[in-house]
Amino acid sequence: MSGHRWESIEAFERVVRFQSFSRAAEDLGVSRSHVSRQVSALENRLGAQLLLRTTRKVSTTEVGQAFYLQCQDIVGNLDEAERAVQDQQAKPRGILRVSVAGAFGEDFIAPAAIAFMAQYPDLTVELDFSNRLIDLISEGYDIAIRAGTLKDSSLIARRISSRRLTTCAAPAYLERYGEPSSVDALTNHNCLLGTLDTWRFRDNNRHIDLRVAGNWRSNNGRALRHAALAGMGLVQLPSFYVDQDIAAGTLLSVLDHCTPTDTGVWAVYPHNRHLSAKVRLFVSFLADHLD
């Protein structure tokens, strides 16, 4: 697109937006007569009247309104492209509000956020630990870190880390009650429960959500781990809770052949045509450092 063609489109878009030649000229930093010449040249080039001009107001013709909607997209895309380039050069600043939950947030997200801030000292990070369902937009969060299978939504989700579920128990429990040889055998075991009444498994590429029961329930992963270490029963937890215990032999994994597929840890953020530097860089930083 030549410079003259773009200038006339920009002049027309501003006139319609402000419904005034004078305000359009002020916004563009040119004279009113220059804006008028640009719009007239555009109409001549298109062979159509785009504006209805009176002494009191400016309005669009039917074809002018249709053309204006197209121009809005063109101008919006250009503005967006310019902001994106500027933002690429800018360092993140301001406040980054992140909603996190559980031990993964404590052990992995918090240290990553500290390392991120060391690179960008003009940034303030607020980590809010909560398991509740939040509304990112209305509550003013930039990002939420969530694990597992996500529900469909208008939000954007980027996978930042793996998340495997491990079923395990203390050696003393397995010596006393035996190791389950199949998923169905769990009905004969004490299963330590979290927030759900079901555990997830995979059998021949088929997902199984099995209802289990036991005499201990907690919505805290660390509390479940401690109960398992005490020999109270079997537990199914994200692997990062129990990897060190399994390596040390204080917990033993079972039903490894039925381990469910990785459901991932996700950075979730509102859909935005132009993603701010602080969100874009933090999400990329997490993806690079956690997986």
Side-chain angles (χ1 to χ4, degrees), residues 80-81 83-166 194-196 200 202 207 219-222 224-225 236-244 259-291:
E80 201 66 37
R83 282 197 297 270
V85 171
Q86 292 168 356
D87 200 52
Q88 290 273 356
Q89 308 304 315
K91 292 183 178 179
R93 60 185 69 248
I95 299 175
L96 178 68
R97 298 193 68 217
V98 184
S99 172
V100 294
F104 189 85
E106 297 173 11
D107 295 341
F108 296 94
I109 301 299
I114 292 169
F116 184 71
M117 286 184 65
Q119 291 187 18
Y120 303 105
D122 293 334
L123 189 69
T124 297
V125 175
E126 293 183 1
L127 293 184
D128 178 45
F129 284 81
S130 174
N131 285 312
R132 68 181 179 85
L133 186 65
I134 64 167
D135 186 319
L136 268 70
I137 297 174
S138 66
E139 297 186 48
Y141 288 98
D142 296 296
I143 306 172
I145 307 300
R146 293 294 181 258
T149 303
L150 299 179
K151 296 181 180 179
D152 291 336
S153 76
S154 59
L155 300 174
I156 297 174
R158 178 175 173 185
R159 187 182 182 280
I160 59 172
S161 180
S162 60
R163 179 184 184 268
R164 281 188 307 106
L165 291 174
T166 298
T195 55
L196 301 177
R200 171 164 286 202
R202 178 176 54 86
H207 285 297
N219 64 353
N220 181 275
R222 295 190 193 278
L224 288 166
R225 169 181 169 269
Q236 186 177 81
L237 283 169
S239 58
F240 58 80
Y241 278 101
V242 296
D243 277 345
Q244 291 185 354
T259 298
T261 53
D262 172 26
T263 51
V265 179
W266 308 85
V268 183
Y269 46 92
H271 176 73
N272 192 330
R273 194 174 176 187
H274 174 60
L275 199 59
S276 67
K278 61 184 180 181
V279 172
R280 173 175 50 79
L281 290 173
F282 186 58
V283 171
S284 295
F285 184 88
L286 293 177
D288 289 342
H289 285 72
L290 297 180
D291 216 1

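What you see below is based on every heavy atom in this structure, not just the backbone, and it leaves out hydrogens, waters and symmetry mates. Numbering of residues begins at 1 and proceeds along the displayed sequence.
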Identify all side-chain donor-acceptor contacts of residues 111-122 below 3.5 Å with residues at least two apart in sequence or on another chain.
none

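Checking Thr124, Leu281, Ile143 one by one against Leu96, the side chain to side chain contact (heavy atoms under 4.5 Å, CB included) holds for a single residue, Ile143.
In plain terms, the two heavy atoms of Asn220 and Arg222 that are nearest each other are OD1-N, 3.0 Å. The two residues Ile95 and Lys278 have their closest heavy-atom pair at O-NZ, 2.5 Å. Nearest heavy atom pair, residue Ala101 against residue Ser130, reads CB-O, 3.4 Å. Counting all heavy atoms, side chain and backbone alike, Gly94 lies closest to Leu123 at O-CD1, 3.4 Å. Scanning both residues, Val100 and Gly105, for their nearest heavy atoms gives CB-CA, 4.3 Å. Between Glu139 and Arg97, the shortest heavy-atom distance links the atoms O-NH1, 2.7 Å.
Evaluation of the side chain to side chain contact (heavy atoms under 4.5 Å, CB included) rule for Ser284 yields Arg158 as partners, not counting sequence neighbours. Among residues two or more places apart in sequence or in another chain, the side chain to side chain donor-acceptor pair (under 3.5 Å) test is passed with Asp128 by Tyr141.
With contacts defined as side-chain heavy-atom distances shorter than 4.5 Å, the pair Leu237/Leu224 qualifies. Between Phe104 and Leu290, the closest side-chain pair of non-hydrogen atoms falls below 4.5 Å. Asp142 has its side chain out of reach of Tyr269: every pair of non-hydrogen atoms, C-beta onward, lies at least 4.5 Å apart. Val265 is not listed as a side-chain neighbour of Leu286, based on a closest heavy-atom distance of 4.5 Å or more.
With rounding to the nearest 0.5 angstrom, the CG atom of Leu196 is 9.5 Å from the CD atom of Gln236. Rounding to the nearest 0.5 Å places CZ of Phe129 at 8.5 Å from CD1 of Ile109. The structure places CD1 of Ile160 at 10.0 Å from CH2 of Trp266, a figure rounded to the nearest 0.5 Å.
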Next item on the list: Could you go through the side-chain contact (heavy atoms from CB on, under 4.5 Å) check for Phe282 and Val125 one step at a time?
Entry: CA-CA 10 Å; Phe282 186 58; Val125 175; 5.7 Å; no

Check: Run the side-chain contact (heavy atoms from CB on, under 4.5 Å) check on Phe240 and Ser161 step by step: do they pass?
Finding: CA-CA 11 Å; Phe240 58 80; Ser161 180; over 6 Å; no

